[in-house]
Amino acid sequence: MSNATQLLRFITAGSVDDGKSTLIGRLLHDSKSIFEDQLSAISRTSEKRGMTAVDLSLLTDGLQAEREQGITIDVAYRYFATPKRKFIIGDTPGHEQYTRNMVTAASTANLVVILIDARKGVLVQTRRHTYLASLVGIPHIVLAVNKMDMVDYSEARFNEICTEYLAFAAQLGLHNVTCVPLSALVGDMLVDRGDNLNWYQGATLMELLENVEIDHDVNTTDFRYPVQWVCRPQTEKYHDFRGFMGRIEAGEVSVGDEITVLPSGRTSKVKEIVTYDGNLQTAYAPQSIAITLTDEIDISRGDMFVKADYLPTVAKEFEAMLCWLSETPLDKNRKYLVKHTTRTAKCLFSSIDYRVDVNTLEQHANPTVNMNDIAHVTMKVQQPLVFDHYQRNRATGSFIVIDEATNNTVAAGMIV
Amino acid sequence: MTAHTFTHLDALESESIHIMREVAAECKNPAMLFSGGKDSIVMLRLAEKAFRPAKFPFPLVHIDTEHNFPEVIACRDKLAADLGERLIVRSLEDSIKRGTIVIKDPDKPRNPYQSVTLLETIAEFGFDACMGGARRDEEKARAKERIFSFRDEFGQWDPKNQRPELWDIYNTRVHAGENIRVFPISNWTEMDIWQYIAREKLHIPEIYYAHEREVIRRGNSVMPVSHLVQPKPGEKVEVLSVRFRTVGDMTCTAPVESHARNAQEIIDETSTTRITERGATRMDDQTSEASMELRKKEGYF
């Protein structure tokens, strides 16, 4: 395996019996990412449970409670690699009460594989998973119509499901959907094409994962650089060194570029781009670097460097879509903390505008926001935030809400 | 460099640096666990990339079982000294003397007791965050752990009550007495580690590379002969070419037969190997399918 492989993060979403764990197990198994001791452990367990074949779904069952109940209860991360790419899979549960886990895993994904049981077709859960994928802005969607072996590998059935699904996806403004028929149990169209789906001319699931174009999944145009940490070595050699450290969240920056520091609005020029491996002329998202400036201006963590050609919004009030993650409902009378890029500020919810029923996509004027609810809210913050709309920039349009009393993360937000 | 040459190692490296800087910026009194093993040596290089030209804004901490390979301890001390960083070492022997650890047999594996000394060290220095080099690909229970893993006053992990972790916005907040374990290389695999060691030309303890060693065959493993592991009646001492894939407690860390003498040869061997890292080398993880999960709940890394 060469070093020059890309990293792709994807998640799988499906209902309880859609064969999600089997699909992941099959991808790992057929790409030879399963080790002998793992295989022999699950073979023993399969035998103990009286199964005749090895149950590949056991590979992704992590915790004791899950093994007892035979279900996946949390997000688990799996890793495998092919000569083309390294993959990180976020395995998300299909249960109604665990919407928060899907949103969690979806937030970092380049791609989602939405699983459908070919016998059952598009279900309420399928619509919910698709809506959440669109809400969290996953750039690529693959509809995997699984269990084709149970419908006699029928092309007509596959087309029927795809037509229904694509119509629904279009309503949500999703046009980047690829449909693939497969059987995770048998292994057709995952890594190998198999002999049962010869009418299908498209790519196998693995080919899709290996070849989907992801270079433009991050915003490559609007330079955004939240300051994480100010480096002041205070040694003799680096007496005057002030490096503003951070990760480029979008766009690129070069030595000599004029930058604006927000929210103060002061400007300066990039003097050096410093890394451990030597200074750079130009750096790109998502590199972690340090920047020194030609002028001495007051800058601290939470400030953001941008370029004047496309400015973000600086405001103390904004609207957002919120996914409530906590068992304790949102309390409009309380103040919370919002963490957005590298800035944390006190916030309150000035209005709860509506709640979205994730099954029907209907909007309800409902003042309560409970766990797993998606709501449109208006928020006020104590200090101004420097942000973009989430649709334009995932990194500068997202935030989390923290309950100061418990320190728990209670909501995920996307600025609209 | 362009977006097209941003490899998976670049992506992982940038993510880890970002995590370490978040810890430095948001935690009051962080520490980085450093054992001299290969994963923690990768962590050390990532910390250099995150904070140079300044010193690390945290000390290095090692919880020594006193069952470690001498080559690893020597490497630990040399690396910390070469970098000029502060290294705090606390030993299980101190806890044994205090009576907080009671062991039946001093020669038996000590990993289960590390949690006690770690928690005592956290209390001694008042650390609110400890960075460690654990990876999600190592073990099933680790696969479900967050990058920022919140622990209660007893250092316990509650797998059913983890803070959701979205995008890369990390919630670092804790109440007094609680702490956070942070795993900046969560998303790295054993292969990534070796590729990074090769790319960065990192100096790691020689016992990771193939060498001749006296061993005893026990079950499916070979055990290294040391003052802690001696042949039992009927066991034969052999000399084999072996390397260690992990370097933990000498009484339960088994080497694998190998002729790989540098990082590239290990990469070649790792891409064809059919046994997991811990499955091959950690006898204590094989006790039961849930042993790591139980240890983590008790405050283990």
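In terms of heavy-atom pairs under 4.5 Å with chain A, the best-connected choice from Ala24(B), Pro57(B), Ala11(B) is Ala24(B). In terms of heavy-atom pairs under 4.5 Å with chain A, the best-connected choice from Leu12(B), Asn187(B), Thr189(B), Val174(B) is Asn187(B). In terms of heavy-atom pairs under 4.5 angstrom with chain B, the leader among Pro233(A), Ala109(A), Ser107(A) is Ser107(A). Comparing Lys55(B), Glu178(B), Arg163(B) by how many heavy-atom pairs each has under 4.5 Å with chain A, the most go to Arg163(B). Of the listed residues (Thr409(A), Thr406(A), Thr108(A), Val410(A)), the greatest number of heavy-atom pairs within a distance under 4.5 Å of chain B belongs to Thr409(A). Of the listed residues Glu200(B), Arg45(B), Glu13(B), the one with more heavy-atom pairs under 4.5 angstrom with chain A than any other is Arg45(B). Comparing Ala54(B), Ala198(B), Ser186(B), Pro53(B) by how many heavy-atom pairs each has under 4.5 Å with chain A, the most go to Pro53(B). Comparing Ala395(A), Ala290(A), Ala412(A), Ala105(A) by heavy-atom pairs within less than 4.5 Å of chain B, the highest count is held by Ala412(A). Among Arg52(B), Glu48(B), Glu165(B), the residue with the largest count of heavy-atom pairs under 4.5 Å with chain A is Glu48(B).
Using a 4.5 Å heavy-atom cutoff, the side chains of Val136(A) and Leu166(B) are not in contact. At a threshold of 4.5 Å between non-hydrogen side-chain atoms, the residues Ile88(A) and Arg136(B) do not count as touching. Looking at Gln228(A) and Glu22(B), their side chains come closer than 4.5 Å, going by heavy atoms from C-beta outward. The shortest distance between side-chain heavy atoms of Cys231(A) and Phe51(B) does not fall below 4.5 Å. Contact of the Tyr79(A) side chain with the Met191(B) side chain is not registered, since no non-hydrogen atoms from C-beta on lie closer than 4.5 Å. By the 4.5 Å heavy-atom criterion applied to side chains, Asn171(B) and Lys339(A) are not counted as neighbours. Using a 4.5 Å cut-off on side-chain heavy atoms (C-beta onward), Glu26(B) and Thr344(A) make contact. With a 4.5 Å cut-off on side-chain heavy atoms, Arg21(B) and Ser288(A) count as touching.
Taking both residues in full, the closest heavy atoms of Trp167(B) and Tyr390(A) are given as NE1-OH, 3.0 Å, listed atom of the first, atom of the second, then distance.
The CG atom of Asp192(B) sits 8.0 Å away from the OG1 atom of Thr5(A) when rounded to the nearest 0.5 Å. Rounding to the nearest 0.5 Å places CZ of Arg85(A) at 13.0 Å from OG1 of Thr7(B). Expressed to the nearest 0.5 Å, how far CZ of Phe6(B) lies from CG of Leu7(A) amounts to 9.5 Å. Between Ile402(A) atom CD1 and Thr172(B) atom OG1 the span is 7.0 Å, to the nearest 0.5 Å. Taken to the nearest 0.5 Å, the CG atom of Leu46(B) stands 10.5 Å off from the OH atom of Tyr276(A). Interatomic distance, CG of Asp137(B) versus CZ of Phe80(A), reported as 14.0 Å (0.5 Å rounding).
Listed for the His340(A) side chain is no donor-acceptor partner under 3.5 Å among the backbone atoms of Ile169(B). Ser14(B) contributes a side-chain N or O that, together with a main-chain N or O of Pro286(A), makes up a donor-acceptor pair within less than 3.5 Å. A distance-only check finds no donor-acceptor pair linking the side chain of His8(B) to the backbone of Lys86(A) [under 3.5 Å].
For Thr275(A), no part lies near chain B; criterion is any non-hydrogen pair under 4.5 Å. Residue Tyr77(A) touches chain B through both its backbone and its side chain, counting heavy-atom pairs closer than 4.5 Å. Contact of Leu325(A) with chain B is made through the side chain alone, with heavy-atom distances under 4.5 Å. Residue contact with chain B, scored on non-hydrogen atoms closer than 4.5 Å, involves the backbone and the side chain of Thr104(A) alike. Heavy atoms of Gln234(A) lying under 4.5 Å from chain B are absent altogether. Proximity to chain B (any heavy atom under 4.5 Å) is restricted, for Leu337(A), to the side chain, taken from C-beta onward.
Ion pairing between Arg247(A) and Glu15(B) fails under the 4.0 Å rule for side-chain N and carboxylate O.
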Side chain to side chain contact (heavy atoms under 4.5 Å, CB included) evaluation trace for Asp10(B) with Gln287(A): CA-CA 8 Å; Asp10(B) 295 328; Gln287(A) 279 182 286; over 6 Å; no
